[in-house]
Number of protein chains: 2
Amino acid sequence: MTSPSTTRAARTPGADDRTRTIAEVADEFGVTHRTVRHYEELGLISPERRGTTRVYHRRDRTRLGLILRGKRLGFPLEEIRTIIDLYDAPRGRRSQLEYVLGQIDERREDLEQRRRDLEAALSELTEFERRCRADLERLG
Amino acid sequence: MTSPSTTRAARTPGADDRTRTIAEVADEFGVTHRTVRHYEELGLISPERRGTTRVYHRRDRTRLGLILRGKRLGFPLEEIRTIIDLYDAPRGRRSQLEYVLGQIDERREDLEQRRRDLEAALSELTEFERRCRADLERLG
DNA sequence: CACGTTCTTGACGTTGACGTCAACGTAAAG
DNA sequence: CTTTACGTTGACGTCAACGTCAAGAACGTG
């Protein structure tokens, strides 16, 4: 598993690094161009401009992927922004690194709470299914 | 792990079955009375009425717990309603049971997707922490 | 029984996350 | 060179999930 750093990600052999238009990224991620623009308004992505036209690089697509995963996990966009900004934050000085490490810990706590909730939901679901199957059994 | 059925849950020895006022449940779950009322408006809970006053039983608190966990997992309230209604759905006839089992499968797919997202996020975070610690090392 | 506390039902306000025009530039195609 | 397809910036609309009054009703307490 590799870090999601959006700035200097390791080149994978098969990576498709063509730049994209807004329609292409939107289509690729199954969202509308309005959604992509909205994320830009909130500062979650900042595509290059050629003239006035937006040009999306791999970095932008990486971030978009992180954004959408964050959404699937139920995080608000503002919080998602602080998280992916964290990945790209400068960590040259010790104080910065320590700050980042602190943030990482907070994030981990949050994610692990969610995991507990998720595991609980899944086992209740499994138990409920067991009951239903037992009921079905009784009905012959 | 026990099923979350809100109708005929097993009596646990230490269970506190006092009925509560809206202020008490709200306080107990760390939400406002407005939130509790909102859930009732959407049909997620339906407390008894004594005169005009709401009386909350253990069943209601169970449902409230499920609602809030659903929220922590990022589900919209409408979807949460269909889920907890599923738990209390009649399953006397075979066709009903089969429908319920189908719904259970859909739910499981969804939850497992979330789990994958969550695991991915957690391992990226761990990898990122490793990098930060390495950076810290280099700084002496 | 007056009084403060808690409960009730509206009803309007707010915030987040977009949807949905309108009105306009631009670049390749016929 | 006009058409057609995308692109751009506003600006307003919408829906969910509550927040925030307002204005009573009901209930225990001195």
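In what follows, chains carry the letters A, B, and so on, assigned in the order in which the sequence lines appear, proteins first and then strands, with residues in each chain numbered from 1.
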- Message: Applying salt bridge (Lys or Arg N to Asp or Glu O under 4.0 Å), can you list everything that pairs with Arg20(A), at least two apart in sequence or on another chain?
- Response: Asp16(A), Glu28(A)
- Message: Check this one for me: any side-chain N or O of Tyr39(B) less than 4.0 Å away from OP1 or OP2 of dA17(D)?
- Response: no
- Rounded to whole angstroms, how far apart are CD on Glu40(B) and P on dC18(D)? 15 Å
- Query: Near DNA chain C, under 4.0 Å by heavy atom, which residues of residues 42-50 of chain B?
  - Reply: Arg49(B)
- Interatomic distance, Ile67(B) CD1 vs dA17(D) P [rounded to whole Å]: 11 Å
- Task: Not counting sequence neighbours, which residues clear side-chain hydrogen bond (donor to acceptor under 3.5 Å, both in side chains) with His57(B)? List them please.
- Result: Glu48(B)
- Message: Test of understanding: with side chain to side chain contact (heavy atoms under 4.5 Å, CB included), list the residues that count as partners of Arg138(B), not counting sequence neighbours.
- Response: Asp135(B)
- Task: Only counting residues at least two apart or in another chain, list the ones meeting side-chain hydrogen bond (donor to acceptor under 3.5 Å, both in side chains) with Arg94(B).
- Result: none
- Note on the structure: So, with a heavy-atom separation below 4.0 Å from DNA chain D, the residues of residues 19-28 of chain A are Thr21(A), Ile22(A), Ala23(A)
- Query: More than 12 foreign heavy atoms under 6.0 Å from CD of Glu41(B): is that the case here?
  - Reply: yes
- What string of B, S and - do you get for nucleotides 10-16 of chain D 5' to 3' if you count protein non-hydrogen atoms under 4.0 Å? BB-----
- Task: Quickly work out the Glu41(B) CD to dG10(C) P distance and round it to whole Å.
- Result: 10 Å
- Task: Kindly say if Thr52(A) contacts the phosphate of dT9(D), meaning a side-chain N or O under 4.0 Å from OP1 or OP2.
- Result: no
- Item | Residues that Thr21(A) engages under side chain to side chain contact (heavy atoms under 4.5 Å, CB included), provided they are two or more places apart | Ala23(A), Glu24(A)
- Message: Going by side chain to side chain contact (heavy atoms under 4.5 Å, CB included), name the residues that satisfy it together with Thr32(A), two or more places apart in sequence or in a different chain.
- Response: Arg34(A), Thr35(A)
- Message: According to salt bridge (Lys or Arg N to Asp or Glu O under 4.0 Å), who are the partners of Arg115(B), at least two apart in sequence or on a separate chain?
- Response: Glu119(A), Glu112(B)
- Any side-chain donor near an acceptor of the partner, Thr19(B) and Arg58(B), under 3.5 Å: no
- Query: Does Arg49(A) have any salt bridge (Lys or Arg N to Asp or Glu O under 4.0 Å) partners at least two apart in sequence or in another chain, and if so, which?
  - Reply: Glu40(A)
- For Asp110(A), check salt bridge (Lys or Arg N to Asp or Glu O under 4.0 Å) against everything at least two apart and list the hits. Arg107(A), Arg114(A)
- The residue, Thr32(A) or Val55(B), whose nearest nucleotide of DNA chain C is more 5′ is Val55(B)
